[in-house]
Amino acid sequence: MQDKYTPADIERAAQLHWDQTGAARAVEDATKPKYYCLSMFPYPSGKLHMGHVRNYTIGDVLSRFHKMQGYNVLQPMGWDAFGMPAENAALQNNVPPAGWTYSNIDYMRTQLKSLGFAIDWEREFATCTPEYYRWEQWLFTRLYEKGLVYKKLGTVNWDPVDHTVLANEQVIDGRGWRSGALIEKREIPMYYMKITAYAEELLSELDNLPGWPEQVRLMQKNWIGKSTGVRFAFPLADNPDEKLWVFTTRADTIMGVTFVAVAAEHPLAQKAAVNNPELAKFIEECNQGGVAEADLATMEKKGLPTGIYVTHPLTGEQVEVWVGNYVLMSYGDGAVMAVPAHDERDWDFSVRHTLPVKRVVASQQLLLDWHKATEALKAAGIAYPDTEVAPYSFIQFIEQNLFTKQLPPDVHELVSMLHTQLLHESPNCDKGILINSGKYTGLESGAAVDAIAADLAAKGLGDKKVQFRLRDWGISRQRYWGCPIPIIHCKTCGDVPVPDDQLPVVLPENVEITGAGSPLARMPEFYETTCPKCGGHARRETDTMDTFFESSWYFLRYACPDNATAMVDERVAYWCKGGIDQYIGGIEHAILHLLYSRFFTKLMRDVGLIGDLGEPFANLLTQGMVVAPTYYRELDGGKKQWINPADVDVVTDERGRPTGATLKADGLPVVIGGTEKMSKSKNNGVDPQALIDQYGADTARLFIMFASPPDQSLEWSDAGVEGAFRFLRRLWKLVHDHVAGGLVETKIDQNSLSTAQADLRRKLHQTMGKVADDYGRRKQFNTAIAAVMELLNAYDKTDLADPTGRALAQETLESATLLLFPIVPHIGQALYAELKPGADAGLAAFPKVDPAALKQDEIELVVQVNGKLRGAIRVSTAADKASIEAAALANPDAQKFIEGKPPKKVVVVPGRLVNIVV
RNA sequence: GCCCCGAUGGCGGAAUCGGUAGACGCAGCGGAUUCAAAAUCCGCCGCCGAAAGGUGUGCCAGUUCGAGUCUGGCUCGGGGCACCA
């Protein structure tokens, strides 16, 4: 055995061995339990980034561990190959998206292979090939015929200078990223998937996903947003036959409505604008800027009155209709009732525009304060408006009239209390007892909703309704590098789906990208066609599909990537029954991708393509981001020049605290910025390739798994990488030194071990149990690695020179090698073959705990006095509670703090501690 | 703005079911080895304190014999918000 650890040679040899033996090939085998381990497939952006390495290492560790546990493991890989970056690259470098994508795939495949992942490469595919996307075109036509795909108008970001539709991320501060032009909202016809038809199932099935993180289920639940409320109408004042519909979850506050707000796109707003230039201008202003909800919601809340009045359906009062930029046309009816007293947003709006406020819910505290203050005012003979229970105007009355007067101190105090409480409840968004509400006064919110809904229903002006926040999924994209939508537009027959025998609609690959609209719309050879129905002249749809379409079913296709005659086949039932056993990917996909994939699985079930597999992903692990420190220099004009961490030296004080940083090139200081997600814009990315080249794949894998638990963000550290490499070198040396002394059998007689050796063997078997639990149940790898490090520290300190000791050394090193094998398979493969000549670690079973090794006669218990650690006692594992208490009370360290006082209580936590309360 | 998550030494993190806070690693400091350096090995290492001891898990309250862990209220940081993937 060579004495030096040489990762390059070892890794090459191990990878060759796995290739030649087909170690990662997955073959259906009904006699074994299957384990389908899937990592989110990458977008082929050029080269792997650290997030990929992290994601795929987690997947590989779980795959290899489960293989050692006897599962039939499938770990596939492919390419999410359609998307915008290919078009951007085409614009920048004048290369066609297809060629750019395919060469990226080739390079990234090489990188993945160099990391030693046990991937079944025979199942690889890229979604941009007709062999893949033909099936989603085919599915699209099926869904179209079933009415699950339909066409309607949708709003997009329109760049009036580049004459193109922009993605949300291409709109920066309301302007186009390339042209700088003010973006406009534009309505265009688009195809939609009827995901709302599955809202109820998508919601209820979340309860059947115990293998998902609670936070992801919660996010999806909130996204679907089921709410029960009341949908009701305000008849127009001058034309009661015309009605303005709104939805509210707080029908109990309906008596507090003081105005109604509609979206700028609402027909009523449009109508009012005809003779109102100011309003027309405002609506036009609302039409500017992007469509992203985050931007709309953070905009300054603005509004204008329309001059149109509607009739309150219960009070008959006239309330004015306003146009508000915060009302979204895409939610519900594009109109909301406004109750400033009980809604934060309406409150802000009413304060800004001095609109009336009517309080209809009050807390017990407010009612009490109101009562006391008004009684006191009455007793003092001070006049106050005889309004019903503390409306908003009372705040102003207090501030303008009472606080300017000299009130008797006791009255002043009560009025101040009321004033404070009134401010506190402006607005009051809690439910409570109704006031000021006519016949509903005195009802509790829940009962009030029932009564109000019943009254509205009796008038034919509304009723209870279940509403979802979830909207149908618009899938049309006015882009080139995507899957063509298989529809033919015929003047006589309308929209006709492309018949099966004409599929796939192949995306032409030799195109010129100009950045102004889709090139497909400029290619008659693509769009000119004949109608499949009437044979007449027709035009092919030139929009492509949202790239979420590809990623919504790829996990099923891995089961049968070679099937040229069907989308999926019976092999899906083998690999995906009960769901994919483990899915791993970034938390940023918690909502959209995962929701669409769940939706697709149900769609494909209902189209009869797959049986009822249940939810597609039984267990989900959402990994955190990879972050790194940022450094910059301020340039003239305040712009920041970001400097890569690799080019910076950090200066520390004598305790290792950073005091500053300098640029390697010139030795002059740079500013230390925050720790942020690795990105091009902050120039803080670390190329994994450099790491692999310098230290090898195992070091990269080990560092990434050791640095933090998988679901937390991972901070990059060059020094930490050194540490990981040192550990592998040390492991190599430990095995080398042992092997140099000759190999021995691992058969061990527990009784012939010295105390220290028995301690080591107990630790060894405890570690086996812990590591298996960490890999299998906890999916926390940093602690598994730490446990093996601890084991090897103990190994180093134990005298193992005698024959029994040599056998224990053999057992410890063999086990440690296998425990680490899922994380560092190359060195594991090499070391195991040295320890057991001819053995293949890749085929070995995971080490099994020997219960005899775990036995212990005595344990240490901590002694606390009043909850503070004061001492420790050693007791027999068989000791009863009374004798433990006695031993603790007799402990001299504890007695010092008991100071002879009688113990009030003694708490014994078995196996842990004794707490004496005095 | 809305939904979700997080915060523990100089740093990454550990403490799995409310029971010894800081495992493991990094950085730092001291020493051995070396002509010297690298590598390696040994020791120290939350803060205050000479020690005894006190104090300490973002902040403020609370529950408990006992809180990093549970409850309420904040602060700061991050993810998502439907055309980035």
Side-chain angles (χ1 to χ4, degrees), chain A residues 40 42-43 45 80 83-85 154 156-157 165-171 213-216 218-219 221-223 225 290-299 301 326 330 344-345 470-471 473-479 546-548 551 586-593 595 622 624-625 627 652-658 674-677 703 706-709 711-724 726-727 729-730 733 770 773-774 777-778 780 782-783 785-790 793 860-864 866-869 872 904-907 909 911-913 915-917:
Chain A
M40 289 181 184
Y43 178 80
S45 55
D80 188 12
M84 243 178 16
V156 295
N157 302 306
V165 175
L166 296 183
N168 283 339
E169 75 157 5
Q170 297 173 317
V171 179
E214 182 57 36
Q215 61 154 314
V216 176
L218 196 57
M219 280 192 264
K221 185 175 175 233
N222 290 337
W223 184 263
V291 298
E293 199 207 305
D295 296 334
L296 296 172
T298 46
M299 268 189 325
K301 308 214 174 359
Y326 64 96
S330 49
E344 200 83 46
R345 224 165 31 177
L470 182 70
R471 309 197 297 259
W473 172 16
I475 56 153
S476 293
R477 298 290 179 270
Q478 298 69 48
R479 283 180 221 300
D546 180 2
T547 56
F548 273 124
S551 55
I587 183 72
E588 63 272 20
H589 293 293
I591 295 176
L592 292 180
H593 162 62
L595 190 66
T622 48
M625 298 171 306
V627 299
T652 58
D653 66 10
E654 77 284 350
R655 301 184 95 140
R657 285 182 285 230
T675 299
E676 301 192 45
K677 179 175 174 168
F703 168 71
F706 184 57
S708 61
D711 55 350
Q712 284 178 32
S713 63
L714 182 150
E715 184 166 335
W716 187 256
S717 148
D718 286 325
V721 174
E722 290 271 0
R726 263 203 299 270
F727 173 73
R729 203 161 47 189
R730 177 165 166 238
K733 187 171 180 296
K770 168 159 181 63
D773 187 46
D774 279 351
R777 178 182 64 91
R778 296 217 300 157
Q780 191 165 303
N782 54 332
T783 46
I785 296 165
V788 178
M789 286 175 168
E790 265 189 79
N793 288 347
E860 192 180 73
L861 290 186
V862 156
V863 181
Q864 295 182 336
N866 288 336
K868 287 193 178 172
L869 174 63
K904 233 193 277 178
K905 186 173 175 183
V906 181
V907 182
V909 183
R912 292 267 181 193
L913 57 73
N915 188 14
I916 302 162
V917 185

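The shown structure was predicted, so the numbers you read here are calculated from the model rather than taken from an experiment. Lettering of chains follows the sequences in order, A, B, ..., and the numbering in each one begins at 1.
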A:Asn782 side-chain N/O to B:rG13 phosphate OP1/OP2 under 4.0 Å: no
Sugar-phosphate, base or nothing in reach of A:His593, heavy atoms under 4.0 Å: nothing
Sugar-phosphate only, base, or nothing, as touched by A:Ile916 at under 4.0 Å among non-hydrogen atoms: nothing
Out of B:rC83, B:rG79, B:rA14, whichever nucleotide has its closest atom nearest the side chain of A:Thr783: B:rA14
Short side-chain donor-acceptor distance under 3.5 Å, A:Asp774 and A:Thr783: yes
Rounded distance (Å) that lies between atom P of B:rC83 and atom CE of A:Met84: 11 Å
B:rC2: pairing nucleotide in any strand, Watson-Crick or G-U under 3.5 angstrom: B:rG80
Sugar-phosphate, base or nothing in reach of A:Met299, heavy atoms under 4.0 Å: nothing
Sugar-phosphate, base or nothing in reach of A:Gly586, heavy atoms under 4.0 Å: nothing
Rounded distance (Å) that lies between atom P of B:rG13 and atom CE of A:Met789: 15 Å
Sugar-phosphate, base or nothing in reach of A:Lys221, heavy atoms under 4.0 Å: nothing
Proximity to the side chain of A:Leu218 - top-ranked nucleotide from B:rC5, B:rG12, B:rA39: B:rC5
Identity of whatever pairs with B:rA21 - Watson-Crick or G-U, under 3.5 angstrom: none
From B:rU55, B:rC81, B:rA15, nucleotide with atom closest to A:Lys868 side chain: B:rU55
Intermediate values then yes/no, side chain to side chain contact (heavy atoms under 4.5 Å, CB included), A:Ile587 and A:Met219: CA-CA 11 Å; A:Ile587 183 72; A:Met219 280 192 264; 4.1 Å; yes
Length of the line joining A:Asp295:CG and B:rC2:C1', which is rounded to integer Å: 14 Å
Steps toward side chain to side chain contact (heavy atoms under 4.5 Å, CB included) verdict (A:Arg778, A:Lys770): CA-CA 10 Å; A:Arg778 296 217 300 157; A:Lys770 168 159 181 63; 3.5 Å; yes
Side-chain N,O (A:Gln780) to OP1/OP2 (B:rA15) below 4.0 Å: yes
Distance, rounded to the nearest Å, where A:Met219 contributes CE and B:rC2 contributes C1': 14 Å
Short side-chain N/O contact from A:Arg726 to OP1 or OP2 of B:rC26, under 4.0 Å: yes
Between B:rA21 (C1') and A:Gln864 (CD): distance, integer Å: 12 Å
Options B:rA39, B:rC24, B:rU20, nucleotide nearest the side-chain atoms of A:Asn793: B:rC24
Touch class at under 4.0 angstrom, heavy-atom based, for A:Phe548 against every strand present: base
Touch class at under 4.0 angstrom, heavy-atom based, for A:Val156 against every strand present: base
Nearest-nucleotide pick for A:Gln712, side chain only, options being B:rC84, B:rU20, B:rA14: B:rA14
Chi class for B:rG66: syn within 90° of 0, otherwise anti: anti
Pair assignment for B:rG9, Watson-Crick or G-U wobble, requiring both distances under 3.5 Å: none
Side chain of A:Asn222 - closest among B:rC83, B:rG79, B:rC4: B:rC4
Sugar-phosphate only, base, or nothing, as touched by A:Val862 at under 4.0 Å among non-hydrogen atoms: base
Candidate nucleotides B:rG79, B:rA23, B:rG25, ranked by approach to the side chain of A:Ala786 - the nearest: B:rA23
N/O (side chain, A:Arg471) to phosphate O (OP1/OP2, B:rA82) under 4.0 Å: no
Intermediate values then yes/no, side chain to side chain contact (heavy atoms under 4.5 Å, CB included), A:Asp546 and A:Trp473: CA-CA 9 Å; A:Asp546 180 2; A:Trp473 172 16; 2.9 Å; yes
First of A:Gln170 and A:Ala707 reached from the 5' end of RNA chain B, by closest nucleotide: A:Ala707
Contact under 4.0 Å: A:Arg778 side-chain N or O vs B:rA15 OP1/OP2: yes
Touch class at under 4.0 angstrom, heavy-atom based, for A:Ser708 against every strand present: sugar-phosphate
Side-chain-base donor-acceptor pair under 3.5 Å for A:Asn168 and B:rC83: no
Base-pairing assignment for B:rC41 (Watson-Crick or G-U wobble, both under 3.5 Å): B:rG31
Under-3.5 Å donor-acceptor pair between A:Arg777 side chain and B:rU16 base: yes
A:Pro709 side chain, from C-beta outward: closest of B:rG13, B:rC83, B:rA85: B:rG13
Closest to the A:Thr547 side chain, choosing from B:rG79, B:rA85, B:rG19: B:rA85
Pairing partner of B:rA51 (Watson-Crick or G-U wobble, both distances under 3.5 Å): none
A:Arg479 versus A:Ala167, closest heavy-atom pair with distance: NH2-N, 3.5 Å
A:Gln478 (side chain) and B:rC83 (base): donor-acceptor pair under 3.5 Å: yes
Nearest-angstrom distance from the residue atom CD of A:Glu790 to C1' of B:rG22: 13 Å
Whole-Å gap separating P (B:rG54) and CG (A:Asn866): 12 Å
Distance-minimising heavy-atom pair for A:Val216 and A:Ala590: CG1-O, 3.7 Å
Chi-based syn or anti call at B:rC17, which uses purine or pyrimidine torsion atoms and a 90° bound: syn
A:Asn157 and A:Gln170, any side-chain heavy atoms less than 4.5 Å apart: no
5' precedence on RNA chain B between A:Gln215 and A:Leu714 (nearest-nucleotide basis): A:Gln215
Side chain of A:Asp773 (C-beta onward), nearest among B:rC26, B:rG19, B:rU16: B:rU16
Chi angles and distances behind the side chain to side chain contact (heavy atoms under 4.5 Å, CB included) call for A:Val917, A:Asn866: CA-CA 5 Å; A:Val917 185; A:Asn866 288 336; 3.8 Å; yes
Which atom of A:Asp80 lies closest to which atom of A:Ser551, heavy atoms considered: OD2-CB, 4.3 Å
Integer-rounded Å distance: B:rG66 C1' and A:Leu861 CG: 16 Å
